[in-house]
Structures are given as C-alpha cells and as structure tokens.
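Some notes on the structure that comes next.
Nothing here was measured: the structure is a model prediction, and the numbers come from that model. Numbers restart at 1 for each chain; the letters A, B, ... are given by sequence-line order, proteins then strands.
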2 protein chains.
Amino acid sequence: VRDVVITGAGMTAFGKHLDRTLASLSEEATYAALADAGLEPGAVDTTYVGNAGAGLITGQEMIRGQVALRGVPLGGGPIANVESACASGSLAVHLAWLAVASGEADVALALGVEKLIHPDKQVSFDAIESGTDLGPDADTTRDGGSVMMGAYAAEARHYAARYGVAIEDALAEVAVKNRAAASHNPRAQFQTPITREDVLASRLVADPLRLLTCSPLTDGASALILRAADAVTGDERAVTIRASAVRSFDGIPPAPRVVERAAQAAYARAGIGPGEVDVLQLHDASAFAELIQYEQIGLVAAGGAAELVLAGEAGLGGRYPTNTDGGLLSRGHALGATGVAQLFELVTQLRGEAGDRQVPGAKLALAANSGGWMGTDYAAGVVTVLAA
Amino acid sequence: VRDVVITGAGMTAFGKHLDRTLASLSEEATYAALADAGLEPGAVDTTYVGNAGAGLITGQEMIRGQVALRGVPLGGGPIANVESACASGSLAVHLAWLAVASGEADVALALGVEKLIHPDKQVSFDAIESGTDLGPDADTTRDGGSVMMGAYAAEARHYAARYGVAIEDALAEVAVKNRAAASHNPRAQFQTPITREDVLASRLVADPLRLLTCSPLTDGASALILRAADAVTGDERAVTIRASAVRSFDGIPPAPRVVERAAQAAYARAGIGPGEVDVLQLHDASAFAELIQYEQIGLVAAGGAAELVLAGEAGLGGRYPTNTDGGLLSRGHALGATGVAQLFELVTQLRGEAGDRQVPGAKLALAANSGGWMGTDYAAGVVTVLAA
C-alpha cells in the first residue's frame, strides 16, 4: 500500500448554526480544504462523508453527502456516506486513507458534517440517544436524562471507588485545561476561560458529571484532502498518516476495550510506543472519557490518569498536551464532524501553525475518536497517528 | 491490488417481516453466508453494513451495524455503516472489495439489511422520500404520491414521446418477465405468475407506471463473504469480482448519467464489452428503470430497450437474461439489502446452482444498482462484474 499524506485541511467555526444548512457548512469546510491543498473540486477522485444525526435533525435520512455537496462539482466519483456515531468523522478519514493507500484513488476528500442543534432540544437528545443500542437487549441507563452521560457517570463512580481517586477534581481539571486551550482557538464553541470552582458550581447532570464536564450540542464541518505521498514530494506542509485503525464492539465482554484495541493496532502499524507522541486528541465527550482514554491508549497505567491531569502534564506546556483546540468540551462536539476536527487540529499543530496554542516542535500526534455505546463499551474506536 | 473472490452468500426470504428485528434478519443472512464460506464469525476481519432507512423505521439512527450484529462474535474488527440510498448494499460490497483488494483485510463481510415495512405505511413512504434531495434546491415531483415514482413516470413519458415507443406494453412485459423468473425463486416476495393484462389492469400510480410496474415495500437481508483469491485457490465455487465501480451525482447536467459512467468504468476494469455478459441484474425500482438501464449499460442503443424486452431477449432463454430472481419488482426491494441480493443471485447463477431459473453455462455477470434521486439523475450508481 502507498504512503498517504494530508495536504489540505478546512473547518468551519464550531457552535450554533441554526440558520445554516448541512450544504452550507459542508461547502465552507470543503472549499477551505481544497484551497489549502491547492486543488480544484474536480481533482477529487473519491469522497467519504461522515454524519451521524441528519436523518433525525433535518429529515435527510439518505444520500446526505450527495445532497450536502450538490453545489460542489467533485467530478462524479464515489460519494460514500459513512456512519459510526461520534466516530463517523474518523471513519470517513480511515476509508479515504484506504482508498488512496490502495491506489484506487489519488485524491480523496474526507468530510465530517453535523447539525445537531434543533429548535426543539428534545430532537437533539433523541438523535444522540440513537447512538446507543436501542434494541431490546440494550443495557442502558438514562441517568440524568442522557443514556451516554448516564453510562459515563456510572463508569466514573466505579473508577473513583476502585482507584480511590478524587474524581470530581480530576474531571474539573480536564474541563478547565480544555477551556484554557480553547481560549486560543477562534473556531472553538466556548472560548471564555473557566475555573475549577466554575465547573464544580455548574449543574449536576449525572453524578459526578456536571454541565461543564459534559460536551455540548454543536454544529459544524471539517474536511481533509488526502493524497499519495509520492505525488506531493515537494509539499513541506504535508502531514503523513502513519496509522489509521478502526475497531468495533465485538459482542464479547470488553477485555480489552475498542479504543485500547484500536490504539494497539495503530502503534503496531506506526512502529511507535504510546509515550512517543508529542500532541494528542482524546474523545472528551465527557471529561471522564478523556481520563479513561489516557489509560486505554497506554499513556499511563490503570488508575493513573487523574494524577497525570492534576499534575498539569496534559495541558499546554505539559509532557502530553491533549485537546489543544479545546476538545469536545470546549471546541464543541459536532458528532460526525468531530473526528475530522480532531485531525484538523493535529495537522495544524504538526505544521507549526497553531499560534498561541502551538506545541513547540510537535512531530508525532495521536487522535482517539470513539462512537456509540453498546451497554458495556463504545460501539467503535478509531485511533489515528500522524507525523510531520 | 489483489484479486478478490466471493466464497459465501446468504439471504433471507424477502417480504413482509413485521415480527422480525434488523438483528434477526442480519444474523440469518450472515450465518448463512459464513456457513456457505466454511468460516466462523471470528474469521471476519472487517464488515460493511448497508442500510438506508432504519433511522426512520426503527429509530436506530446510528451504529446500526454494530447493533444488528451484536449477537455475532465477529472478532472486533471494523464495522462500517455505509449508505447510498437504494445502492447502499452494493456500496458495502464495493468497500469490502477494496478492503480485501488492498490487503487491509483477508476476510470481509458485506451485509445489506432493511426493514422498510412499518405498521404505519406513511412512515415507509417518508423513509423512501428521504432518498431524494429534500433540500431547498430540489427539483422533485410528487406525482402519484411518490417522488421517486413521479420522477420515473416523467422520464418514461418523455422517453415514449422521444422514441415513439409503446411504453405501457414494454413496462408490462418487464413486470411479467420478472414475475415469471420469481416463480422459480423461493426467496422472492411475489411468486405467482402474472399476465400483461394483470399489469395493465393494476392501479395507476403515476402515468404510465402502475402498481405492478413499481417495486414493493420489502424487508430482508443478504450477506456476502469476500476473500483474497490466492487464499482459496481450491474453491471451485468461488466467484471472482472482476470490477466494482461506484459513481455519484456530480452536480452537473447529466451527460452521461451515473449508471452509464459506472458501467464504463466497470467494463474498462474488467476488460470486457457490454455484450459479453451472460446474465444480468438491473435496478428495476420501476419497470422503466430496468428499460433505461439496458441502454445506460450499453447493451442496446438509446430507444432500443423496449424492443429488446418485447422480443423476449431479457427473459430466461433470451440472449440477456435479466433479473432472473424476479428483480426488485418481484423478488422485492429491501433498499439497503437490494444491491447485495442482486449479487447473491449472480453468484448463485455463476455457480450453476439456480435450479429452474439457471442460465445454462453462465460465466460472466453484471449488476447495476442505483440509489437516490437528485432531480435529474440518480445520486449513486454502482456496477459490478462477476465471473465464474
């Protein structure tokens, strides 16, 4: 298979875009990525579009990508709509990588787009809930009105008891750290710095999770252009995809879990160990998810994540700067766009173009994107390793 | 890229399955395909699931594949949910082919599954309508209560006027021919033979389309197992994928259309010409779609399809036996499952296992699967060429 690089990255501001269509968001991100790559739309051989909730939010259940990109003359190649709940975006990138790596395509577009905010907030919540197993066998808890946050909260309580960790402090620190990063990101949904006291005073959603340790409803789009490395040898801004690994729920009690299995596969493919990365994106749908993923990707041993965060090692200036764009908590969580936005930030960092939030000398980066909930584990985990 | 073969094929009966779940249908088709391939579920490296309407029919908007296959221990590899309206199934097969061809996977499962029949028939119709461009720019006609059938009917009237063809007779003959084939297919939704008079006496849906020249609402699932050819050199029942080509709506007035472009790409890849195939599947969502696709795949010149069909050349015993399982009109049209079911029939034919509907000595087969409607063309076209 061929080496694949990212040569273009585009992204809308994340936030509330009630007045905009999926097409409008898609076009902005796609044209930005194309311009960044120096390409016209007709150069795109194949397109993968990640979206999770449009069927329930806009009523466009099918051919979402074709409709959202109807105004962009992509030349008539495949447009594949792909979905894996909150991991839809990185699944789109994974499949675009495979298309270029295999030689089937020379130029691939991966687009993640989501309108999650609906005038009737209940419609948004129903959409999110559809990311969990709604079937008769589902083992779900609607603690705090949200299946997902109820599941995270139950895990957090279990974790705190097992490891004797002051979990509320660690969760609050994740939120404070990510908001501090977002204050340097003009595309972030929430940019005003917050304190640990602000977090602990915010509304309890599902004990121990509070409003500021749960990711918000967000609209937005992000796009990447992928090309064969040997076609762009002169492009010093090109970022290499060293590994892209997808794993899914296997119906068996989780040992190890999907993000852990995806990380192991990605490390093996990239030929690196967990501690070698310079900048990271973890899937902080809740602050607890970020905590547990430090362990699932092998950065610290089980029970060690709270200490890592409380010691400041996961912030800008720490050993493992994580969610330097604000993460899902503060950049925002536009479900199907999130995985692409994670990689947009890593590409920006590896190019040395992240401004006030730049991690000096970042050469190797990792993103973990997870999606859906099957009662005992995520439905899908995707781990991507990028290199400058 | 590696040569890829289909070594296992499974399919439920198509029809009305109100009492069954997506999981139940998926499991039956998947286990049948695995048994046919002589493999355990754990041997599957990667899975692509095509589904179009579950979000609106069952409420499971996201992680449909993971939920539907939760009871099948597939070993934890990727499960990608993919969608392209009525072409979702063949898109799943295309991506499974790419995964194996590239070497990323050794064993791939492609599953198409759909529950389209809802106790409230309006819900089913709303789901189908979501396969058309619902956006503000859409150019759709709700003739006869159905955007899709309205579009097909308008095209049929235009065609009849342009070529001076007795279109009602040709449409009726397609329906009669496909029902005759379905009478030999125990998995078909409708198996009782019909006459041209029956068709012409059936309710007018959108002039000139009648109830019996429009495909029905259908539930069902079909699954294929794909492997690298060099791993199964002793398997005489293995069917080779000679080409799989996907094309999408490109936002430009249609010249040529997506199915035509997909067919041209598939012929080029397979190194064959249009007339060389022995058995075919065309996407007869309406009888007119089958007619026009004979021309779009280059089997006859523009305006020549009606004559081909009326001369009996597209039936069992003709030169180009098409929809030998009954097609969408009589086997049934379970949207996301249809593309996989088309290939299930071609695999059965190429193995010489089609019983009373067998095309003697069939060695080369073609399927055209189309999906969605953008106001002037399908949203997606997939053409697959298989060889014994």
### Message
Can you tell me which portion of B:Ala101 sits under 4.5 Å from chain A's heavy atoms? Options are side chain, backbone, both or neither.
### Response
neither

### Summary
Turns out that what part of A:Ala379 lies under 4.5 Å from chain B's heavy atoms comes down to both

### Summary
chain B shares the most heavy-atom pairs under 4.5 Å, among A:Gly372, A:Ala265, A:Gly131, with A:Gly131

### Query
Quick one: what part of B:Leu22 sits under 4.5 Å from any heavy atom of chain A, side chain, backbone, both or neither?
neither

### Task
To the nearest 0.5 Å, tell me how far B:Arg70 CZ sits from A:Asp250 CG.
14.0 Å

### Message
Looking only at side-chain N and O atoms, does B:Gln66 offer a donor or acceptor that is under 3.5 Å from a partner on A:Ser84?
### Response
yes

### Task
Using non-hydrogen atoms and a 4.5 Å limit, figure out which bit of B:Ala245 sits close to chain A: side chain, backbone, both or neither.
neither

### Task
Examine whether an atom of A:Ala99 lies under 4.5 Å from a heavy atom of chain B, and if so say whether it belongs to the side chain, the backbone or both; otherwise answer neither.
both

### Task
Answer with side chain, backbone, both or neither: which region of A:Leu95 has an atom nearer than 4.5 Å to a non-hydrogen atom of chain B?
side chain

### Task
Could you give me the CA-CA distance, side-chain angles and deciding distance for A:Glu61 and B:Glu61, then say whether side-chain contact (heavy atoms from CB on, under 4.5 Å) is met?
CA-CA 9 Å; A:Glu61 183 68 17; B:Glu61 183 69 14; 3.1 Å; yes

### Atom group of A:Arg269 that falls short of 4.5 Å from chain B, counting heavy atoms
side chain

## Note on the structure
Given A:Thr47, A:Val82, A:Thr58, A:Val1, the one with more heavy-atom pairs under 4.5 angstrom with chain B than any other is A:Val82

### Query
How long is the span from the OG atom in B:Ser244 to the CD atom in A:Glu104, to the nearest 0.5 Å?
8.0 Å

### Message
I need the A:Ser130 OG to B:Ile63 CD1 distance, nearest 0.5 Å.
### Response
7.5 Å

### Message
Given heavy-atom pairs under 4.5 angstrom as the criterion, report whether the side chain, backbone, both or neither of A:Val258 touches chain B.
### Response
neither

### Query
Atom CG in B:Leu56, atom CG in A:Leu56: separation rounded to 0.5 Å?
7.0 Å

### Task
Starting from the C-alpha separation in whole Å, work towards a yes-or-no answer on side-chain contact (heavy atoms from CB on, under 4.5 Å) for A:Met374 and B:Val67.
CA-CA 8 Å; A:Met374 297 295 290; B:Val67 171; 4.1 Å; yes

## Note on the structure
In terms of heavy-atom pairs under 4.5 Å with chain A, the winner among B:Gly77, B:Pro73, B:Gly53 is B:Gly77

## Note on the structure
d(B:Asn51 CG, A:Met62 CE) to nearest 0.5 Å is 8.0 Å

### Task
Flag the one option from A:Pro78, A:Ala80, A:Ser102 with the top tally of heavy-atom pairs under 4.5 Å to chain B.
A:Pro78

### Task
Mind ranking A:Gly76, A:Cys86, A:Ala380, A:Gly371 by heavy-atom pairs under 4.5 Å with chain B and telling me who comes out on top?
A:Gly76

### Message
Strictly distance-based, threshold 3.5 Å: is any side-chain N or O of A:Ser248 a donor or acceptor partner for the main-chain N or O of B:Ile79?
### Response
yes

### Message
To the closest 0.5 Å, what do you measure between CZ (A:Arg247) and OG1 (B:Thr46)?
### Response
9.0 Å

